Amino acid sequence: MSVSGLKRSTYGEAILEGFTYLLENHEEVFVIGQGLWSPWYVGSSMTDLDKKFGIERVMDSPVSELACTGAAVGASLFGYRPIVVHPRMDFMLYAMDPIVNQAAKWSHMLGGQAHPAVTIRGIINRGGEQGAQHSQALHSWFAHIPGLRVVMPATVEDARDLLIAGTLCDDPVIYIDDRWLYHIEEDLSPPRIHDLASLGNIVRREGKDITLAASSYSFHQCQQAADELAKEGIDCELVDLRILNPLDIDPVIESVQKTGNLIVVDGGWQTCGLASEVVAGTCVAVDPSVWSNPPVRINLPATPAPTSKPLEELYYINTEEIITAVRTMLEK
Amino acid sequence: MYPEYSVKELGFLSDPSFHNSPIDIRGCDADTLQHQLRMMLIIRVAEEKIAQLVIESLARCPCHLGIGQEAIATGISSFLRATDRVFGAHRSHSHYLALGGSITELMDEILGKASGCSKGMGGSMHLYGKEVGFAGSVPIVAGTIPLAVGAALAAKKDGNGDIAVSYFGDGASEEGSFHESLNLASSYKLPVLFVCENNFYASHLDISYRQPSDRISRFADAHNIPVELVDGNDVVAVANAARRLTTAMREGQGPGFLEAVTYRWRGHVGPDENIDVGVRRKVEDIDAWKKRDPIRRLADAMVAAGIMDNNAFKAVQTDVETEISIAVENARTAPYPGNNALTDYVFASLERPL
Ligand SMILES: Cc1ncc(C[n+]2csc(CCOP(=O)(O)OP(=O)(O)O)c2C)c(N)n1
């Protein structure tokens with residue numbers, strides 16, 4: 001660590017640091033899920049936690065997503081703060097009942113007396129010709145459910161700090177990280193402990209010409225696009241949609257008041273999805289006279305993920321697509 | 001450091017120092033044995049080739065190899081017909097090939113080509129071959145088990161004596177979907193053959209860290225489903241068990257459960273052996289299991305019985321290698337799916353364009 005207290009860290013290492021912080025400082029935290037004793041299952045993000053904190057607190061599991069998630073919800077009702085790890089979000093679909101019917105509902109349904117303080121980490125792990133059942137980004141589904149807090153860190157610092165805040169929060173939290181971000185490097189300060197309920201979405205870069213709003217890996221792509229566009233004199237304002245539920249849309253609204261232009265980029269599907277929600281919410285709030293152009297959504301095509309390489313290239317959003325969309329909008 | 005939960009119920013079957021001599025082929029028909037030997041070689045050589053394609057980065061999709069497990073699908077498929085419906089999972093090259101699935105289409109699929117068995121839309125983990133009775137394989141663990149039960153329900157309604165087969169691993173028996181499926185199939189007396197290829201691993205983790213017993217067929221006992229528990233590296237033992245179970249099923253006696261004990265020589269995914277991965281996978285174990293080689297044990301038995309000499313065995317090997325090399329060469333140059341494939345296959349009907 002340097003004198004400034006900053007050190008270089010990747011996104012993957014930052015997640016590991018978040019787990020380390022939690023396990024070191026909170027004995028009520030434990031982790032359960034598949035691959036936790038394996039060096040390759042979850043990239044660099046959990047390496048050797050079992051050796052450091054013991055297999056009683058870092059529990060590798062049978063291939064039982066439903067039981068592991070449900071058990072974590074149960075333990076969370078009795079003083080523990082479990083983190084369930086699903087190495088791919090797609091596998092988490094077996095656990096929809098404990099997440100959607102149970103964790104999300106217990107507080108409200110039982111008059112605010114029971115709080116499942118569970119954190120469920122779902123990893124987006126796509127590309128590599130893995131195809132339809134190993135590539136899904138289902139954040140919008142979870143954001144649809146009242147009672148679930150859904151976070152999707154885009155930055156190295158948030159990768160760590162939202163994991164910590166999510167775990168220390170008394171509500172069920174869906175923490176979604178994308179493996180395409182793991183290598184990204186930033187300077188990282190020591191952990192900051194936030195109250196998740198007090199956090200909102202934020203403007204990460206100010207600009208006057210257009211608002212780009214995105215989460216997770218899509219936010220990273222917007223940053224790259226903004227860097228490119230800056231060379232042409234296009235000044236993008238970037239909103240990081242790091243918290244999807246409860247969705248704090250005010251930063252987008254305020255930004256559009258200034259820029260009059262909005263593109264929302266989301267690496268999930270469009271219908272009833274995050275980008276659509278953000279555009280709708282902004283349209284409802286921003287006076288039509290403010291808009292210079294109709295807003296645009298950039299999403300995946302409405303198809304399952306293909307395998308074959310040329311189709312994969314067609315399927316996933318690339319930065320060039322974002323740059324072109326911005327240029328097209330501003331040329332009008 | 002790691003706890004072991006398992007009671008070892010499998011005895012000799014899980015100990016590779018047993019069952020490694022030539023298999024017992026007394027009473028077997030020579031043609032069937034020749035066919036089984038050739039089929040196991042096709043599966044072995046095809047998978048070795050696929051391993052090579054992964055190393056060369058020509059195959060980019062995740063490829064789960066079942067090298068060492070060839071006897072199971074080979075033994076069972078002798079008793080299946082094209083109107084049966086066979087379901088697999090992520091490690092299903094053998095299931096597809098043993099039914100007579102096209103080697104060319106498999107290689108094309110693995111390289112992502114439009115002429116593949118899933119039109120280049122699936123890769124290794126998503127195979128389809130309805131013309132040979134292969135109803136599909138997909139990589140959500142235990143995902144196809146209830147589908148096989150449904151296919152058996154359809155077969156029962158049709159009343160033609162067709163059956164469904166569900167191939168899965170020991171890991172899949174940890175999913176709730178597996179247990180619900182067994183109950184449903186048994187209660188409704190559906191003609192589905194559950195085949196557990198128990199190779200002791202679910203990706204990196206040995207069964208002793210995942211279950212209180214290493215014998216998966218105990219779950220079938222609990223659901224009153226008849227069980228055959230066999231050495232999965234003995235093609236004759238597998239075939240005999242499959243014959244008994246499928247005969248009863250076709251006569252309307254409900255589901256059957258075949259547990260075949262085996263071992264995968266390669267790692268969970270891709271070509272290497274995963275020796276350093278997980279908490280229990282030693283070189284010595286792999287070497288010991290290689291002595292229980294299903295192909296070697298059948299070939300030695302056939303040579304000893306005078307059905308085949310070593311030269312004839314070599315000739316079959318060469319023949320199979322040539323066939324597979326040709327398939328791979330063709331796959332390399334075959335075209336990828338067109339861009340329209342991305343949207344064309346989402347729904348059955350294209351009337352309302354996306
Ligand atoms: C629902 C689900 N959970 C986890 C995985 C990841 N995964 C793929 S294969 C596998 C192990 C399966 O083991 P087993 O069923 O014994 O089959 P084997 O690999 O031994 O053939 C796991 C955990 C998955 N594909 N689907």
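Throughout, a chain's letter reflects where its sequence line sits, starting with A, and its residues are numbered from 1. As the structure is a prediction and not an experimental result, all values here were calculated from the model.
Heavy atoms of B/S177 lying under 4.5 Å from chain A belong exclusively to its side chain. In this structure, the portions of B/A142 lying under 4.5 Å from any heavy atom of chain A include both its backbone and its side chain. Contacts of B/M125 with chain A are made by side-chain atoms alone, with heavy-atom separations under 4.5 Å and no backbone atom involved.
For the set B/G171, B/P62, B/G123, the entry with the most heavy-atom pairs within less than 4.5 Å of chain A is B/P62. Counting heavy-atom pairs closer than 4.5 Å to chain A, the top residue among B/G122, B/G176, B/G120, B/A172 is B/G122. The candidate with the highest count of non-hydrogen atom pairs below 4.5 Å against chain B, out of A/H134, A/K309, A/Q133, is A/Q133. In terms of heavy-atom pairs under 4.5 Å with chain B, the best-connected choice from A/G131, A/G128, A/P306, A/A305 is A/G128.
Ion pair A/R121/A/D177 flagged as a salt bridge, since at least one NZ, NE, NH1 or NH2 atom sits closer than 4.0 Å to an Asp/Glu carboxylate oxygen.
Ring geometry, B/H268 versus B/H90: the interplanar angle falls from 30° to 60°, so the pair is classed tilted.
Rounding to the nearest 0.5 Å gives a distance of 5.0 Å between CG of A/N125 and CD of A/Q130. Note that CZ of A/R126 and CG of A/D90 are 11.0 Å apart. Values are rounded to the nearest 0.5 Å. Within the model, atoms CZ of B/F134 and OH of B/Y167 stand 9.0 Å from one another, a figure rounded to the nearest 0.5 Å.
Among B/N198, B/D221, B/D170, the single residue meeting the side chain to side chain donor-acceptor pair (under 3.5 Å) criterion with B/R215 is B/D221.
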